[in-house]
2 protein chains.
Amino acid sequence: MRSLGQRVELLKVIAHPVRIRILEELMKGVKCVSDFEEFLEISQPNVSQHLSLLRRFGVIDFYVDGRLKCYFLVDPIIPDIMEILKKDYVKGLPAPACCPVTKKGVYPGERKR
Amino acid sequence: MRSLGQRVELLKVIAHPVRIRILEELMKGVKCVSDFEEFLEISQPNVSQHLSLLRRFGVIDFYVDGRLKCYFLVDPIIPDIMEILKKDYVKGLPAPACCPVTKKGVYPGERKR
DNA sequence: TTTATATATTCAAATATACTAATATTTGCA
DNA sequence: TGCAAATATTAGTATATTTGAATATATAAA
């Protein structure tokens, strides 16, 4: 089981628009640095920085192919998180058990002292 | 479906050790500020700051009970994410389809140019 | 109506993160 | 061997986040 610190680090690594797009792209298959440079509109050094951050935290890895570095997903938690993240919380649907809901002015008096 | 920006914001809000512990505690039930003050070892203002951040992003909400504010989970994505985060990636198990693995020195030559 | 309790807000300092620009490294090929 | 392509690294600056300290607000109780 991941420690609290590991969970925080993992979330922080994913919590960036460029890195999310990188990870989503890697879910489709192996990609090299210049592939990302194309469809993300950021500089090559910046792509490298994000990739090496993701690698440092064990989320992705690469193999060398000629002068290309081919990156791929390593941690299988990524597709799981990405899928859940897309689920929207639709207001108006019945709230799940974990979520008591206040109805204008009428409060659950669950905790008295 | 959540936009890229919304997904990033959500992850950033969760990605903090204190806030993860707050959310895990709220998964067990409704809690007021002083409850958190006890088991987290941080100041009351800091607890409030984290709670109001979580609330600002629609993750939690509260109802008033006397002079207490009782916080509860609102976004049902939280328990889902928390559960996934605990799954560890155990090296040595067969890698999932999304994850080509390099064996020392022998590289998959998938992408030639 | 004063006081104590519970919580929130504000501001400033410390720290962490992100980006750009410049430069370095590595490898394939002429 | 020397050049060009692909990628990485470093340093500096800008920006965001976190926290503590002080203060403010709201409400129940005396």
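Just so it is clear: chains get the letters A, B, ... in the order the sequence lines come, proteins before strands, and each one is counted from 1. All values below were derived from every heavy atom in this structure, side-chain atoms included, with hydrogens, water molecules and symmetry-related copies excluded. Model, not experiment: these values are computed from the prediction.
One atom, CD1 of B:Ile42, and another, P of D:dG20, lie 8 Å apart when rounded to the nearest Å. Counting to the nearest Å, the C1' atom of D:dT19 and the CG atom of B:Leu40 are 14 Å from each other. The CG atom of A:Leu11 sits 15 Å away from the P atom of D:dT17 (whole-angstrom rounding). For A:Ile14 and C:dA18, the CD1 to C1' distance is 18 Å, given to the nearest whole Å. Nucleotide C:dC29 holds its P atom 11 Å from the CG atom of A:Leu68, rounded to whole Å. C:dT7 atom C1' lies 9 Å from atom CD of B:Glu37, rounded to whole Å. The separation between A:Asp61 atom CG and D:dT7 atom P is 15 Å, rounded to whole Å. Between A:Asp65 atom CG and C:dT27 atom C1' the separation is 12 Å, expressed in whole Å.
Put simply, the side chain of B:Gln44 and the base of C:dA8 share a donor and an acceptor less than 3.5 Å apart. For a distance-only test at 3.5 Å, the side chain of B:Gln49 fails to qualify as a donor-acceptor partner of the base of C:dA8.
Proximity note for A:Leu53 (side chain, C-beta onward) versus C:dA18, C:dA21, C:dA8: the nearest is C:dA18. Of the candidate nucleotides D:dG20, C:dA6, D:dT17, D:dG20 has the atom nearest to the side chain of B:Ser43. Ranking D:dT7, C:dT7, C:dT9 by closeness to the B:Val33 side chain, first place goes to C:dT7. The side chain of B:Lys12 lies closest to D:dA16 when the candidates are C:dT7, D:dA16, D:dA8.
Neither OP1 nor OP2 of C:dA6 sits under 4.0 Å from any side-chain N or O of B:Tyr71. In this model, the phosphate group of D:dA8 is not approached by any side-chain N or O of A:His50 to a distance below 4.0 Å at OP1 or OP2. Contact annotation: B:Lys69 side-chain N/O to C:dA6 OP1/OP2 distance is not under 4.0 Å. Distances shorter than 4.0 Å separate none of the side-chain N or O atoms of A:Ser34 from OP1 or OP2 on D:dA5. Look at A:His16 and you'll find a side-chain N or O under 4.0 angstrom from OP1 or OP2 of C:dC19. Residue A:Arg67 places no side-chain N or O under 4.0 Å from the OP1 or OP2 atom of C:dC29. Using a 4.0 Å cut-off, some side-chain N or O of B:Asn46 falls inside it from OP1 or OP2 of D:dG20.
For A:Arg7, the salt bridge (Lys or Arg N to Asp or Glu O under 4.0 Å) partners two or more places apart in sequence, or in a different chain, are B:Glu24.
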Practice problem: Might you work through the side chain to side chain donor-acceptor pair (under 3.5 Å) test for B:Ser48 and B:Gln44, ending with a clear yes or no? | Solution: CA-CA 6 Å; B:Ser48 268; B:Gln44 174 273 314; 3.3 Å; yes

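A donor-acceptor pair under 3.5 Å is formed between the side chain of B:Ser3 and the backbone N or O of B:Gln6.
A salt bridge between A:Arg2 and A:Asp75 is present, with a side-chain N of the basic residue lying under 4.0 Å from a carboxylate O of the acidic one.
Comparing B:Ser52 and A:Ala15, the nucleotide of DNA chain C nearest to each residue sits closer to the 5' end for B:Ser52.
The hydrophobic clustering, which links ILVMFWY residues whose side-chain heavy atoms are closer than 4.5 Å, places B:Met82 and B:Phe39 together.
Nucleic acid contact class of A:Arg19 (heavy atoms, under 4.0 Å, all strands): sugar-phosphate only.
At most 12 non-hydrogen atoms from other residues, nucleotides or ligands lie less than 6.0 angstrom from CD of A:Glu83.
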